[in-house]
Amino acid sequence: MKVCLFFFFMLATVAAGAQGQFKVRNDAFIQIGYSGYKALTFGQENLSPNNGKFAIEYCDACVPAGFNIWKPWPTWNHANYLLFIRDDGNVGIGNPGDNSYKMNISGYARSYGWHVFSDARLKSNLAPLSGSLQKLMLLKPY
């Protein structure tokens with residue numbers, strides 16, 4: 001029993017001093033990487049068996065820093081974004097996102113409904129509309 005405890009103590013001491021990249025924490029969280037760039041790949045791509053079909057990564061050294069879901073093959077390097085969540089919370093689909101927009105999509109987007117809100121606090125130079133009936137009568141809807 002003493003030998004087992006000594007071995008466990010030595011193993012724990014060595015593991016604590018090592019620079020591990022995969023950690024199951026005491027609070028049941030699983031952590032991959034501690035700084036810089038780390039990725040986790042899923043599946044196997046026949047043309048590139050070490051890269052996988054899909055991957056997730058977090059890169060704090062990237063500009064912008066954030067969490068990325070990407071395809072390692074055939075494009076395994078820069079600008080391979082399927083879904084990118086930036087540290088500032090903005091999202092990019094097909095791109096790394098943008099400072100100006102909460103969501104930036106490269107390509108077409110489809111929705112079965114959009115809710116668009118109008119905020120009076122963001123408006124200025126409001127004035128009553130005059131001659132509105134005459135203007136409406138000029139419309140020729142089809």
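Atoms considered below: every heavy atom in the structure, side chains included; atoms not considered: hydrogens, waters and symmetry mates. Being a predicted model, the structure only gives us computed values, none of them experimental.
- Between Lys71 and Leu82, some side-chain heavy-atom pair lies under the 4.5 Å cut-off.
- By the 4.5 Å heavy-atom criterion applied to side chains, Lys135 and Leu129 are counted as neighbours.
- Pairing each heavy atom of Tyr58 with each of Ala65, the nearest pair is OH-CB, 4.1 Å.
- With sequence neighbours excluded, the residues satisfying side chain to side chain contact (heavy atoms under 4.5 Å, CB included) with Leu139 are Leu136, Pro141.
- Taking the side chain as every heavy atom from C-beta outward, Leu83 and Val91 approach each other to under 4.5 Å.
- Taken together through direct or relayed side-chain contacts under 4.5 Å among Ile, Leu, Val, Met, Phe, Trp and Tyr, Phe67 and Tyr101 form parts of separate hydrophobic clusters.
- Counting non-hydrogen atoms of neighbouring residues, nucleotides and ligands closer than 6.0 angstrom, the CG atom of Asp119 exceeds 12 such neighbours.
- The minimum heavy-atom distance between Asn90 and Asp98, with the atom names listed, is ND2-O, 2.8 Å.
- Classification of the Phe84-Tyr81 ring pair by plane angle, with boundaries at 30° and 60°, yields perpendicular.
- Smallest separation of non-hydrogen atoms from Pro96 and Pro64: O-CG, 3.7 Å.
- Checked against salt bridge (Lys or Arg N to Asp or Glu O under 4.0 Å), Asp88 has the following partners two or more places apart in sequence or in another chain: Arg86.
- Put simply, CG on Asn104 and CG on Asn95 are 4.0 Å apart, with the number rounded to the nearest 0.5 Å.
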